[in-house]
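Working notes, beginning with the structure itself.
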Number of protein chains: 2
Amino acid sequence: MKSDIQPTLLLDEQLCFALYAASRRMTAIYRPLLEALGLTYPQYLVMMVLWERDGLTVRELGERLQLDSGTLTPLLKRLEQAGLLGRRRRQSDEREVEITLTDTGHNLRTRAAEVPRCLAERLCLSADAFEHLRHELKSLAAQLAAPTDE
Amino acid sequence: MKSDIQPTLLLDEQLCFALYAASRRMTAIYRPLLEALGLTYPQYLVMMVLWERDGLTVRELGERLQLDSGTLTPLLKRLEQAGLLGRRRRQSDEREVEITLTDTGHNLRTRAAEVPRCLAERLCLSADAFEHLRHELKSLAAQLAAPTDE
DNA sequence: AAAATATATATTGTGCACAATTAAATTTGA
DNA sequence: TCAAATTTAATTGTGCACAATATATATTTT
């Protein structure tokens, strides 16, 4: 016999709160590491995407991170002010703003490479447990993705 | 042979991003349901705690939700403005502010009881999968809890 | 009791998230 | 072809999170 979920209003039984609390704890662990690099956590995510593939547009960054221009535009302006990247309209389509790393931004990658190592050490999870949880979260997020009303 | 974690800077391999993305997706699912109740997601969490046990102080709410007064004070003022709760200094210790539900706040619980039911339906997870993931997240958060430097 | 210390909340300032709107460039189609 | 529709960013406004500081009250120490 398969048990059903019995929905309650008890905080400690909510998956959403476990997720919310764990996510905030996780960024709190990153904070001091990233502060040493002069980055916030969302800024670190943007830099990670650009280290993988430079020259993306704001839209492409937003698709990757699931963030809109209301979040990205000011964040990217701060990274520009910090000298880590440049923003300019594309000649081919002036609606698009292309983001390119400066040398400083590119070079920051070397120091940032320590961050995942520190985290792996801090987490004390086996690679299997790590991958298991990551996949569960990815499929949860996929399950929660807005139904693409066709 | 037990495989080790190979830390990279690739976005799709980060547990932190899976967590961050899933958490934001989750609150996005709650948003329209809670909007119907006139609540934001953090406000809903506060109300859940108070529906469980009324008359807590700001500090006690903060311990439960892991939020500080910088977050809670303005949030509680908004809930007060909305007529859902009252805030007053305790006679026994005037440093403390006790939060008490109004009748309106108490009565909102009935309508809010639908929310977890809607979510359970939306999630399409078995009770086992739900509980499994919730416990994994709780132990992750515990693992990430600030080491209480004694 | 006065001074030092600790505790609880509020305030200030920065940086996300996200909805809603605006503005400009591009594409589509009658 | 040119007006309407679409796309891309930016802007505006609200509400968290969280660090740092301030303020008021309570407790402890001398």
Side-chain angles (χ1 to χ4, degrees), chain A residues 16-17 19-32 34-35 38-47 56-82 86-99 146, chain B residues 16-17 19-32 34-35 38-47 56-82 86-99 146:
Chain A
C16 67
F17 179 63
L19 200 51
Y20 166 83
S23 179
R24 286 193 301 121
R25 281 308 312 153
M26 181 67 89
T27 66
I29 295 295
Y30 275 87
R31 198 168 296 116
L34 297 178
E35 194 175 9
L39 294 175
T40 65
Y41 179 71
Q43 288 168 8
Y44 171 66
L45 296 179
V46 165
M47 293 300 288
L56 296 177
T57 64
V58 174
R59 180 184 59 75
E60 290 166 323
L61 274 169
E63 279 173 5
R64 199 74 198 286
L65 298 168
Q66 295 299 306
L67 292 170
D68 66 12
S69 68
T71 301
L72 286 175
T73 297
L75 187 156
L76 291 168
K77 283 182 178 175
R78 283 187 283 270
L79 291 176
E80 185 182 35
Q81 281 303 305
R87 304 157 60 246
R88 64 170 173 285
R89 297 275 166 183
R90 279 210 174 140
Q91 292 172 9
S92 57
D93 186 339
E94 297 235 336
R95 289 171 303 184
E96 299 184 314
V97 169
E98 184 175 316
I99 308 299
Chain B
C16 66
F17 179 63
L19 200 51
Y20 166 82
S23 180
R24 287 193 300 120
R25 280 309 310 154
M26 182 68 89
T27 65
I29 295 295
Y30 275 87
R31 197 167 297 118
L34 297 178
E35 194 176 9
L39 294 175
T40 65
Y41 178 71
Q43 289 169 8
Y44 171 65
L45 295 179
V46 166
M47 293 301 288
L56 296 177
T57 65
V58 174
R59 180 183 61 75
E60 289 167 323
L61 274 170
E63 279 172 6
R64 199 74 199 285
L65 299 168
Q66 295 299 305
L67 292 170
D68 67 12
S69 68
T71 301
L72 286 176
T73 298
L75 186 155
L76 291 168
K77 283 183 178 174
R78 282 187 283 269
L79 290 176
E80 186 182 36
Q81 280 303 305
R87 303 157 60 246
R88 64 169 172 284
R89 297 274 166 184
R90 279 209 173 140
Q91 292 174 9
S92 57
D93 186 338
E94 296 235 338
R95 290 172 302 183
E96 299 184 315
V97 170
E98 183 175 317
I99 308 298

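Keep in mind that the numbers below use all heavy atoms, side chains included, and drop hydrogens, waters and symmetry copies.
Nearest-nucleotide positions on DNA chain D place B:T71 closer to the 5' end than the other of B:T71 and A:E35. DNA chain D is contacted by both B:Y41 and A:T57; A:T57 maps to the nucleotide lying nearer its 5′ end (nearest heavy atom per residue).
Distances were taken from every side-chain heavy atom of B:V97 (C-beta onward) to each of D:dA9, C:dA25, C:dA10; the shortest belongs to C:dA10. Among C:dT9, D:dT8, D:dC18, the nucleotide with an atom closest to any side-chain atom of B:T73 is C:dT9. Closest approach to the A:P42 side chain among C:dA10, C:dG15, C:dA17 is made by C:dA17 (side chain taken as heavy atoms from C-beta onward). The side chain of B:Q43 lies closest to D:dC16 when the candidates are C:dT26, D:dC16, C:dG15.
The shortest distance between the side-chain N/O atoms of A:Y20 and the OP1/OP2 oxygens of D:dA17 is below 4.0 Å. Applying the 4.0 Å criterion to OP1 and OP2 of D:dT11, one finds that A:K77 has a side-chain N or O inside that range. Contact annotation: B:R31 side-chain N/O to C:dA19 OP1/OP2 distance is under 4.0 Å. Taking side-chain N and O atoms only, B:R89 has no distance below 4.0 Å to OP1 or OP2 of D:dT25. Between C:dT9 and B:R90, no contact under 4.0 Å exists linking OP1 or OP2 to a side-chain N or O. Here A:R24 does not reach the OP1 or OP2 of D:dA17: none of its side-chain N or O atoms lies under 4.0 Å away. Here B:Q66 does not reach the OP1 or OP2 of D:dC18: none of its side-chain N or O atoms lies under 4.0 Å away.
Residue contacts shown for A:R87 are limited to sugar-phosphate atoms, with no base heavy atom under 4.0 Å away. Using a 4.0 Å heavy-atom cutoff across all strands shown, A:L75 reaches sugar-phosphate atoms only and no base atom.
By the 30° and 60° cut-offs, the orientation of the rings of A:Y41 relative to B:Y20 is perpendicular.
B:E63 has a carboxylate O that lies under 4.0 Å from a charged side-chain N of B:R59, or vice versa, which qualifies the two as a salt bridge.
A:D93 pairs in a side-chain hydrogen bond (donor to acceptor under 3.5 Å, both in side chains) with only one of the listed residues (A:R89, A:R90, A:R95), which is A:R95.
Side chain of B:T27 to backbone of B:R24: a donor-acceptor contact under 3.5 angstrom is found.
At a cut-off of 3.5 angstrom, counting only N and O atoms as typed in the model, there is a donor on one side and an acceptor on the other between the side-chain of A:S69 and the base of D:dA10. At a cut-off of 3.5 angstrom, counting only N and O atoms as typed in the model, there is a donor on one side and an acceptor on the other between the side-chain of A:R95 and the base of D:dT7.
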